[in-house]
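Presented below is the structure to which this report refers.
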Amino acid sequence: MAKKALKRKRKEAEKTEVEEKKVELPPAKRFSDEPVPKKTKWVNRQRVLVFASRGINHRDRHLMDDLKTLMPHHRPESKMERAKNLQVVNEICEMKNCNKAVMFEGRRKRDLYMWLSNVSQGPCAKFLVENIYTMGELKMTGNCLKGSRPLLSFDENFNSAPHYTVLKELLSQIFGVPNHHPKSQPFFDHVYTFSILDNRVWFRNYQIITEEGELAEIGPRFVLNPVKIFAGSFGGETLWDNPNYISPAKYRQTIAKKAGGKYMNRLEQKVAAQANKPEESYALNPMDEIFKGELLKKAEEIDEKENKDDSNTEPSEVQTKKPKKNKLKQKKQKLGGKAKITSTANSSKTTKPTKKKLGLKIKKKSIVNKKK
């Protein structure tokens, strides 16, 4: 009986093994509609050291964190103490096995400078970062997967001048994620755009929504104002110097001077306004006022003004000129005489009809008496 039981168990075990061989289990990691990727070597071993010096602002620190999230091939480092000699950065990069470096330098807790350097041989570029907007501030609708590779698009103006070609090569090597990097994803999900406007480099980050070219902005935003390009890494000969660059400290100083001179400008404007103020606003004809109100009063006022003007003239002119006869007074006298004549005439006219009326009354009474 024991032998029969062992035979049955063996047969059942063999059947289960055959069934397991027929059923193929799926792999642990599956990709939808994609072939299984082959193992390839990581040839482009670009490592970028991203760090900052002490004295940067909170917004600048958030910008640095945003760039770290966008660059899976970066290496972090703690804050560096302020030093006049920046050659120490090259030693830090060698210790971290980094080929490129992005260093943020803050001054006066207001201004932010960015250094982009090729650590081994150079060159190195210094930028002033302006108009900073982080991902947290913008809250854009776009989004991309962490670790995905970006497409780099450069403006046509990068080919217009030699210093722009150097900057293009630096930006492409630093921001471009190397192929088959262990921390990167094997697809392109977003686009970095670098455009030149007003002698500055404008950075934007967009998500690729559709294959037709529909985009949505992700962030962050910032503008790079180039200051100098050096031949070596964090030093060396100056290959190019920006003639249009004005330091932010000088710019604020000029604004303060203009604001301080506001009081003097006000006083100068008041003095100039008083000097240029006309005595008479409009050249009016004084004879137009005669037809307003009583004629005699207006005529007297005009006569008084003329007499005052004659008194203000020089004595030599008064002696040479003959005295003017006041025609208006003569007119007044004539008008006064006529008024008297009219009054006497009216009085005479009023007396005559009274006499006639009295005579009529006397006659009427006599007639009435005779009838009686």
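Worth saying up front: this structure is predicted, and the values here are computed from it rather than measured.
Using a 4.5 Å heavy-atom threshold, the side chains of Phe230 and Glu237 count as separate. Considering only heavy atoms from C-beta on, Val48 stays 4.5 Å or farther from Cys98 through its side chain. Contact of the Ile218 side chain with the Cys144 side chain is registered, since non-hydrogen atoms from C-beta on lie closer than 4.5 Å. Side-chain contact check for Lys96 versus Glu77: some heavy-atom pair is nearer than 4.5 Å. Side-chain atoms of Lys100 and Gln46, non-hydrogen and from C-beta on, do get closer than 4.5 Å to each other. Leu224 is not listed as a side-chain neighbour of Arg200, based on a closest heavy-atom distance of 4.5 Å or more. Side chains of Leu49 and Ile92 form a contact here, defined as non-hydrogen atoms less than 4.5 Å apart. Using a 4.5 Å heavy-atom threshold, the side chains of Leu171 and Phe154 count as touching.
Here the closest non-hydrogen pair linking Phe127 and Pro226 is CD2-CA, 3.6 Å. When all heavy atoms of Met71 and His74 are compared, the pair lying nearest together is O-ND1, 2.6 Å. The two residues Asp155 and Ser195 make their nearest non-hydrogen contact at CB-CA, 3.7 Å. The minimum heavy-atom distance linking Asn205 with Gly219 is given by the pair ND2-O, 3.1 Å. Between Gly142 and Gln207, the shortest heavy-atom distance links the atoms CA-OE1, 3.4 Å. Smallest separation of non-hydrogen atoms from Asn44 and Pro178: O-CB, 3.1 Å.
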Given side chain to side chain contact (heavy atoms under 4.5 Å, CB included), test Leu128 with Val223 step by step and report yes or no.
CA-CA 8 Å; Leu128 174 67; Val223 181; over 6 Å; no
Is there a side chain to side chain contact (heavy atoms under 4.5 Å, CB included) between Val129 and Tyr113? Walk through the geometry before answering.
CA-CA 6 Å; Val129 187; Tyr113 290 90; over 6 Å; no
Does the pair Leu112 and Ile56 meet the rule for a side chain to side chain contact (heavy atoms under 4.5 Å, CB included), with working shown?
CA-CA 7 Å; Leu112 180 67; Ile56 63 170; 4.3 Å; yes
Take Phe51 and Phe104, measure what ring pair (Phe, Tyr, Trp, His ring centres under 6.0 Å) needs, and give me the verdict at the end.
CA-CA 7 Å; Phe51 70 109; Phe104 292 93; 9.0 Å; no
Apply side chain to side chain contact (heavy atoms under 4.5 Å, CB included) to Thr193 and Tyr206, showing your working.
CA-CA 8 Å; Thr193 61; Tyr206 296 98; 3.6 Å; yes
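To the nearest 0.5 angstrom, Asp65 atom CG is 8.0 Å from Thr69 atom OG1. A distance of 11.0 Å separates CH2 of Trp115 from OG of Ser53, quoted to the nearest 0.5 Å. Of the inter-residue distances, the one linking Ile208 atom CD1 with Asp189 atom CG reads 7.0 Å to the nearest 0.5 angstrom. In this structure, the separation between OG on Ser233 and CG on Leu116 is 11.0 Å, given to the nearest 0.5 Å. Between atom CG of residue Leu138 and atom CE of residue Met140 there is a gap of 4.5 Å, rounded to the nearest 0.5 Å. Annotation: the span from Tyr133 atom OH to Arg59 atom CZ amounts to 7.5 Å, rounded to 0.5 Å.
Using the six-membered ring where Trp is involved, Phe203 and Tyr192 have ring planes that are tilted, between 30° and 60° apart. Between Phe158 and Tyr164, the two ring planes are perpendicular [angle over 60°; tilted spans 30° to 60°].
With hydrogens and angles left out, the side-chain atoms of His190 and Ser148 include a donor and acceptor closer than 3.5 Å. No side-chain N or O of Asn97 forms a donor-acceptor pair with one of Arg75 less than 3.5 Å apart. At a cut-off of 3.5 Å, with distance as the only test, a side-chain donor of Gln173 or Glu169 sits close to an acceptor on the other residue. Using modelled atom types, one finds no donor on one side chain facing an acceptor on the other under 3.5 Å when comparing Asn307 with Glu304.
Taking a 6.0 Å sphere around CZ of Arg110, one finds it holds 12 or fewer heavy atoms contributed by other residues, nucleotides or ligands. Atom NZ of Lys228 sits in a sparse spot, with 12 or fewer heavy atoms from other residues, nucleotides or ligands closer than 6.0 Å. The number of heavy atoms from other shown groups lying within 6.0 Å of CG (Leu151) is above 12.
The pair Lys270-Glu268 fails the salt-bridge criterion, with no side-chain N (NZ, NE, NH1 or NH2) lying under 4.0 Å from an Asp/Glu carboxylate O. Looking at Lys109 and Asp60, no side-chain N of the basic residue comes within less than 4.0 Å of a carboxylate O on the acidic one, giving no salt bridge.
Hydrophobic cluster membership is shared by Leu67 and Ile174, with clusters built from Ile, Leu, Val, Met, Phe, Trp and Tyr side chains linked at under 4.5 angstrom.
Put simply, the side chain of Asn99 gets close to the backbone of Arg45: a donor and an acceptor are under 3.5 Å apart.
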